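What follows is one structure encoded as structure tokens, with my remarks underneath.
Here is how names work: the chains are called A, B, and so on, in the same order as the sequence lines, proteins then strands, and each is numbered from 1. Quick caveat: nothing in here was measured; it's all calculated off a predicted structure.
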Amino acid sequence: MNLFAHFHGLVEKALNDLAAEGLMAGGLDLSRVVAEPPRDPSHGDVSTNAAMVLAKVAGLPPRKLAELLCGKLAAAQDVEAAEIAGPGFINLRLAPTIWPKFLASALALGDGFGHSTLGKGEKVNVEYVSANPTGPLHVGHCRGAVFGDALASLLAATGYAVSKEYYINDAGAQVDTLARSAHLRYLEALGQNIGEIPAGLYPGDYLKAVGQALAAAHGTKFVNRPESEWLEPVRAMAIAMMMDLIRDDLAALNIRQEVFFSEKSLHTSGAVDETLASLTRAGHVYQGRLDPPKGEVPEDWEDREQTLFRATAFGDDVDRPLKKSDGSFTYFASDVAYSRDKISRGFKQLIYILGADHGGYVKRLQAVASAIAGEGRVQVIVRLCQLVKLFRNGEPVRMSKRAGEFVTLRDVVDEVGPDVVRFMMLYRKNEAPLDFDFAKVTEQSKDNPVFYVQYAHARICSVLRNAESEGYGAPGDGEVQFNLLTDEAELSVIKRLAAFPRLMEAAALAHEPHRISFYLYDLASDFHALWNRGKEAPHLRFIIPAQRHLTMTRMAFLRAIRYSLANGLGILGVRPVEEM
RNA sequence: GCGCCCGUAGCUCAGCAGGAUAGAGCACAGGUUUCCUAAACCUGGGGUCACAGGUUCGAAUCCUGUCGGGCGCGCCA
């Protein structure tokens with residue numbers, strides 16, 4: 001039950017009725033009309049801007065329209081009072097009887113509380129991580145991985161048909177480098193002294209296992225043989241093993257993507273050729289020259305005629321090359337084919353989670369989708385994740401890529417656990433930089449939001465356990481009477497719960513899962529406050545032995561709060577703990 | 001030079017779909033426990049929402065410009 005959606009509907013109905021009665025113009029655009037919780041609770045429970053937004057087009061002074069609307073709304077069910085305030089807000093004070101109904105419905109929904117059908121089953125593709133398959137994930141991949149996963153969960157919970165996808169860059173030069181590096185480790189596994197790993201190859205120890213696997217599978221077949229004989233099989237095995245590694249890393253963060261899409265397959269299947277042909281037929285490809293890049297011009301810049309995608313026709317800044325000077329396809333060309341594949345699978349939203357250094361890629365991806373599907377047919381949404389800065393007790397953690405000293409995703413997850421990593425990565429807007437201090441995030445105090453939210457959930461579980469052991473387990477008929485919850489502290493928690501479904505939808509529409517984290521923090525805060533009220537005011541404690549109905553009611557209330565916490569944490573991919 | 005992102009309290013950040021008197025936490029000062037987890041709670045001060053225009057009944061939020069910070073700018077992926 002989404003109270004605000006419900007009252008939004010009532011406002012629309014009232015407006016239509018007014019139009020039908022000839023009191024105002026009909027057929028108006030209602031998209032700017034909102035029904036929302038007022039910032040100041042003294043203004044009531046639901047507030048709408050309808051009169052202010054529509055006054056002009058309705059052909060009525062705002063005050064007059066507000067009065068008409070107020071008359072209709074005051075008569076609606078569950079509305080106790082409707083009043084005009086400020087510049088023309090209509091504030092609804094709801095009848096106290098609505099809260100028991102709301103709590104009952106939230107409780108009945110249980111695991112589904114907060115979920116909705118907003119997306120109407122629209123197909124959405126979320127592509128995230130997509131790290132090169134050349135080694136384990138490092139800490140830089142963490143944020144995008146968690147963000148993408150949480151966003152996918154959020155969209156799924158709000159009624160979208162979500163596919164979680166990983167694009168494997170297994171076709172470029174860097175996987176050849178991987179193969180050469182693995183071949184060296186293969187020689188090493190066969191007992192050769194390989195000395196220092198030459199510059200330009202991947203030095204990581206994680207390739208030793210690949211070398212051993214190659215030796216076991218192929219014996220000495222690839223020793224002292226030209227690269228042309230071994231490059232392909234070695235590369236295939238190395239990529240397969242790297243992807244296993246990456247899947248394990250993701251699993252450590254409780255991430256499981258459904259589709260792992262190979263870039264190479266786009267070449268072997270002919271999809272890239274077909275895409276180029278199709279774009280050419282549509283007139284989006286031409287032979288031409290590009291101006292040298294502004295800023296730093298590359299050493300080996302050469303002005304030449306090349307095959308270009310007319311990205312500028314779709315809002316990009318420059319046209320984009322599809323072929324390299326040796327005639328082979330660019331990375332961008334396979335990306336175009338990949339976009340085409342996604343579009344052909346029926347996705348209406350293509351969501352990309354990328355690092356902030358990929359900002360320059362956004363317009364290109366949008367241009368591609370417009371060229372292939374037609375303008376406005378497919379929505380391309382790119383969310384850029386800013387850097388994570390690691391700290392240890394306030395000191396920045398130094399990483400040197402050159403020396404191969406990077407902190408892996410696994411290092412971080414193993415040290416603080418997946419729940420902490422996931423929550424902290426989502427406790428900031430994605431486009432804001434994030435500081436991650438190992439000491440702070442594991443601290444057990446209210447200064448640590450992960451702990452604070454978890455603690456609220458655990459505390460609820462603890463009371464429920466105590467209650468059950470004292471005979472307040474499953475309630476019997478009529479034992480739960482939510483109208484007994486009348487204290488301000490209780491009502492403010494109930495109203496916070498009532499905002500949850502609307503918050504989920506807003507977060508989904510904005511593609512901003514961090515809003516869930518902040519909501520959970522606020523809800524936890526309300527709950528802890530309510531808990532402490534029981535100290536000065538014993539009648540507000542949850543278990544009150546002399547009053548069975550009240551106690552049973554409060555247990556049900558706690559279960560509703562717990563569902564909200566657990567469901568929100570579920571979106572973030574954080575396990576709600578029952579005991580701490 | 002151009003594009004994208006950011007600029008809110010001393011610090012770290014929220015600010016919901018343009019709404020009413022801009023909010024949290026930290027830090028600082030004080031208070032609360034014979035009681036369901038004090039691992040918590042309560043009270044207090046603190047703001048030219050970078051700056052200047054514009055749109056609007058109404059702007060931290062949308063538009064334009066300026067300043068400051070980050071990222072990026074063909075044949076790498």
Tell me what [X] touches on the nucleic acid: a base, only sugar-phosphate, or nothing, going by heavy atoms under 4.0 Å.
X: A:Arg533; value: nothing
X: A:Pro433; value: sugar-phosphate
X: A:Phe518; value: sugar-phosphate
X: A:Ala55; value: nothing
X: A:Val53; value: base
X: A:Ile543; value: base
X: A:Arg541; value: base
X: A:Tyr427; value: nothing

Determine: side-chain N/O of [X] to OP1/OP2 of [N], distance under 4.0 Å, yes or no.
X: A:Asn466; N: B:U37; result: yes
X: A:Lys429; N: B:G15; result: yes
X: A:Arg364; N: B:G72; result: no
X: A:Lys56; N: B:C57; result: yes
X: A:Lys446; N: B:U37; result: no
X: A:Ser462; N: B:U37; result: yes
X: A:Arg459; N: B:A38; result: yes
X: A:Lys363; N: B:G72; result: no
X: A:Tyr452; N: B:A24; result: no

With the side chain of [X] defined as its heavy atoms from C-beta on, choose the nearest nucleotide among [options].
X: A:Phe451; options: B:A14, B:A77, B:A40; value: B:A40
X: A:Phe89; options: B:G19, B:A39, B:A40; value: B:G19
X: A:Pro321; options: B:C4, B:G70, B:G74; value: B:G74
X: A:Arg39; options: B:C42, B:A17, B:G19; value: B:G19
X: A:Glu263; options: B:A77, B:U37, B:A17; value: B:A77
X: A:Ala85; options: B:A20, B:G15, B:G58; value: B:A20
X: A:Thr330; options: B:C75, B:A40, B:C13; value: B:C75

Inset, instruction - Determine yes or no for a side-chain-to-main-chain donor-acceptor pair under 3.5 angstrom, with A:Glu127 supplying the side chain and A:Tyr352 the backbone. - result: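 No: the side chain of A:Glu127 does not pair with the backbone of A:Tyr352.
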
Inset, instruction - Say whether, by atom type as modelled, one donor and one acceptor occur between the side chain of A:Thr442 and the main chain of A:Val416 under 3.5 angstrom. - result: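 Not at all, since once roles are kept as given, no pair shorter than 3.5 Å links the two residues.
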
Separation between the [atom1] atoms of [N] and [M], rounded to whole Å:
N: B:A9; M: B:C13; atom1: C1'; result: 11 Å
N: B:C11; M: B:C73; atom1: P; result: 33 Å
N: B:C51; M: B:G7; atom1: C1'; result: 11 Å
N: B:G46; M: B:C63; atom1: C1'; result: 33 Å
N: B:U66; M: B:A29; atom1: C1'; result: 42 Å
N: B:G19; M: B:U61; atom1: C1'; result: 11 Å
N: B:A14; M: B:A50; atom1: P; result: 14 Å
N: B:G58; M: B:U21; atom1: C1'; result: 15 Å

Quick one about [Y] and [X] (side-chain donor to acceptor, distance below 3.5 Å, no hydrogens or angles considered), yes or no?
X: A:Asn466; Y: A:Tyr472; answer: no
X: A:Tyr455; Y: A:Arg459; answer: yes
X: A:Glu302; Y: A:Ser325; answer: no

Inset, instruction - Let me know, please, whether A:Asp303 or A:Glu579 comes out on the 5' side of the other along RNA chain B by nearest nucleotide. - result: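 By nearest-heavy-atom nucleotide position, the 5'-most residue is A:Glu579.
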
Inset, instruction - Would you kindly compare A:Ala524 and A:Glu431 by the position of their nearest RNA chain B nucleotide and give the one closer to the 5′ end? - result: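 Counting from the 5' end, the first nearest nucleotide belongs to A:Glu431.
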
With a 3.5 Å cut-off and heavy atoms only, can you find an N or O donor on one side and an acceptor on the other between the side chain of [X] and the base of [N]?
X: A:Arg428; N: B:G25; value: no
X: A:Ser47; N: B:A20; value: yes
X: A:Asn91; N: B:A20; value: yes

Inset, instruction - Assess A:Lys323 against A:Phe329: is NZ or CZ under 6.0 Å from the centre of the six-membered ring, and within 45 degrees of the ring's axis? - result: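 Verdict for A:Phe329: a cation-pi partner in A:Lys323.
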
Inset, instruction - Using the six-membered ring of A:Phe147, assess whether NZ or CZ of A:Arg383 lies under 6.0 Å from its centre and within 45 degrees of the ring axis. - result: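 Output no; distance or angle outside limits.
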
Tell me the partner of [N], counting only Watson-Crick (N1-N3 plus N6-O4 or O6-N4) or G-U wobble (N1-O2 and O6-N3) with both under 3.5 Å; none if nothing fits.
N: B:A20; result: none
N: B:C67; result: B:G7
N: B:A39; result: none
N: B:C62; result: B:G54
N: B:G46; result: none
N: B:C73; result: B:G1

Heavy-atom count check: over 12 atoms from other residues, nucleotides or ligands less than 6.0 Å from [X] [atom1]?
X: A:Lys495; atom1: NZ; value: yes
X: A:Glu536; atom1: CD; value: yes
X: A:Leu387; atom1: CG; value: no

Inset, instruction - Round to a whole Å and report the spacing from CG of A:Leu523 to P of B:A14. - result: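 Spelled out: CG on A:Leu523 to P on B:A14 is 20 Å.
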
Legend entry - Whole-Å gap separating P (B:G74) and CZ (A:Phe309):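 Distance, rounded to whole Å: 17 Å.
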
Legend entry - Aromatic stack A:His358/B:G72: centroid gap under 5.5 Å, interplanar angle under 30°: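 No, aromatic ring not over the base.
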
Legend entry - A:Trp531 aromatic ring stacked with six-membered ring of B:A40, 5.5 Å and 30°: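 Whether judged by distance or by angle, A:Trp531 falls short somewhere, so it does not stack on the base of B:A40.
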
